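Numbering of ligands and ligand atoms starts at 1, following listing order. Here the structure is a predicted model, which means the values were calculated and not measured.
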Amino acid sequence: MQKKILILGGTTEASTLIKSCVNQGSLTLILSLAGVTKNPVLPPNAFTRIGGFGGVIKMAEWIAENQINKVIDATHPFAQQITRNAYQATQIAKVPYLRLERPAWQREKEDLWQEVTTVQDAVAALGSKPLRAFVTIGRKELLVFKECSILHEYWIRSVDRPEEMYIPQNAKLIQAKGPFSEEDEIAFLKQNQIECIVSKNSGGQTVYAKISGARKLRIPVIMIQRPIIKSAPCVPKWEEAYQWILKG
Ligand code: NAP
């Protein structure tokens, strides 16, 4: 029997999971994206829907109307709202739910991390001494950096260019998408004399090289910890999500 799987994506894990299903003819995959990335790479073996559902109830209705059999929530570890919504919507629609979330990076002995809980705390942690900071938190939450832009100099890296209104005064913008090599990250950090990195604890390998590079160069990292989102059950690896899709 044909099974319809909704995969909430926007992550490398969602793409890898979909690619791994390429020879599973009994599966119909639907990738859902928020629509925030300008030119997303779309997998050829899945249908794609783009844009919000309109909240929990609308999402539950969408799941029922489209006769979805299972939902995999493979959204980013910092995407809080969609994860809460997806869990609730699947409970309403009575459809099995699985969260696929890559593990957080763990601090190593030589790391100079300062762990904070919000972007606001990260800005405060930069302190009052002018710094050359490499900021890699995406483009949506840059406004707080703008408020202290006179003090610090920023190198802001994001996949798409941030909205003009979010860009701090002393910012150099870098548009790039991982994976990044450690060699390139170290060269970048040295060349721009970066004194501090601001990062989310996103986990995964794709953008980890800045963290290992910082360790080698003894550059401090202000690490924004993950929000605690109550959603269950959860697996850390796409292989486990793949087995769950095939099961039952
Ligand atoms: P969010 O705050 O959790 O979600 C905001 C709203 O966007 C949701 O309520 C939902 O709208 C819609 N939405 C989010 N993801 C969706 C999806 N995969 N399919 C359909 N609608 C979705 O999300 P966010 O932090 O803005 O992240 C947006 C997307 O970017 C996510 O898919 C995430 O995986 C990806 N991403 C996020 C980050 C990050 O740091 N937050 C980093 C890399 C990638 P409705 O309520 O209307 O349904």
Side-chain angles (χ1 to χ4, degrees), residues 5-18 29-43 46-66 68 70-93 97-102 104-105 116-120 122 135-145 156-163 166 175-180 198-208 210 222-231 234 238 241:
I5 315 292
L6 173 65
I7 299 176
L8 303 166
T11 55
T12 314
E13 288 70 27
S15 307
T16 309
L17 177 62
I18 290 172
L29 305 176
I30 303 165
L31 168 66
S32 176
L33 298 173
V36 290
T37 304
K38 286 195 183 114
N39 294 306
V41 180
L42 301 178
F47 295 97
T48 308
R49 66 161 302 286
I50 296 183
F53 292 87
V56 176
I57 300 297
K58 293 275 182 206
M59 188 176 179
E61 285 170 5
W62 192 97
I63 290 169
E65 277 162 19
N66 288 278
I68 299 296
K70 289 183 176 183
V71 174
I72 299 239
D73 172 7
T75 57
H76 193 268
F78 280 79
Q80 303 186 53
Q81 192 61 52
I82 187 67
T83 291
R84 284 200 199 95
N85 288 4
Y87 184 54
Q88 284 178 36
T90 51
Q91 292 206 308
I92 294 169
Y97 166 96
L98 184 72
R99 169 98 176 121
L100 165 59
E101 185 177 305
R102 56 185 178 235
W105 296 318
V116 297
T117 46
T118 64
V119 176
Q120 282 78 2
V135 178
T136 61
I137 61 157
R139 62 197 168 100
K140 271 180 36 186
E141 294 161 280
L142 290 172
L143 207 53
V144 269
F145 287 89
I156 295 172
R157 185 166 73 194
S158 54
V159 176
D160 293 313
R161 187 185 165 86
E163 302 282 334
Y166 295 151
Q175 258 179 269
K177 191 175 189 298
F180 304 102
V198 182
S199 173
K200 288 177 172 173
N201 193 336
S202 302
Q205 284 308 308
T206 319
V207 294
Y208 184 66
K210 67 186 172 201
I222 298 172
M223 187 66 84
I224 304 167
Q225 289 174 303
R226 291 180 176 197
I228 296 162
I229 310 169
K230 208 163 170 262
S231 94
C234 180
W238 69 263

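The side-chain hydrogen bond (donor to acceptor under 3.5 Å, both in side chains) contacts involving residues 46-59 comprise S32-R49, where partners must be two or more places apart or lie in separate chains.
Here the shortest heavy-atom pairing between N201 and R226 reads O-NE, 2.9 Å. Residue R99 comes nearest to A74 through the heavy atom pair NH1-C, 4.2 Å, listed as atom of the first residue, atom of the second, then distance.
Checking each of I156, V119, I137 against V198 for a side chain to side chain contact (heavy atoms under 4.5 Å, CB included) leaves exactly one that passes, namely I137.
W62 pairs by the ring pair (Phe, Tyr, Trp, His ring centres under 6.0 Å) definition with F53, not counting sequence neighbours. Partners of R161 according to the salt bridge (charged side-chain N to carboxylate O under 4.0 Å, His left out) rule, which considers only residues two or more places apart in sequence or in another chain, are E164.
Residues lining ligand 1 at a heavy-atom distance below 4.0 Å are given as G9, G10, S32, L33, A34, V36, R49, G51, G52, F53, G54, G55, T75, H76, F78, A79, Q80, Q81, I82, N85, K140, K200, ordered by chain and residue number.
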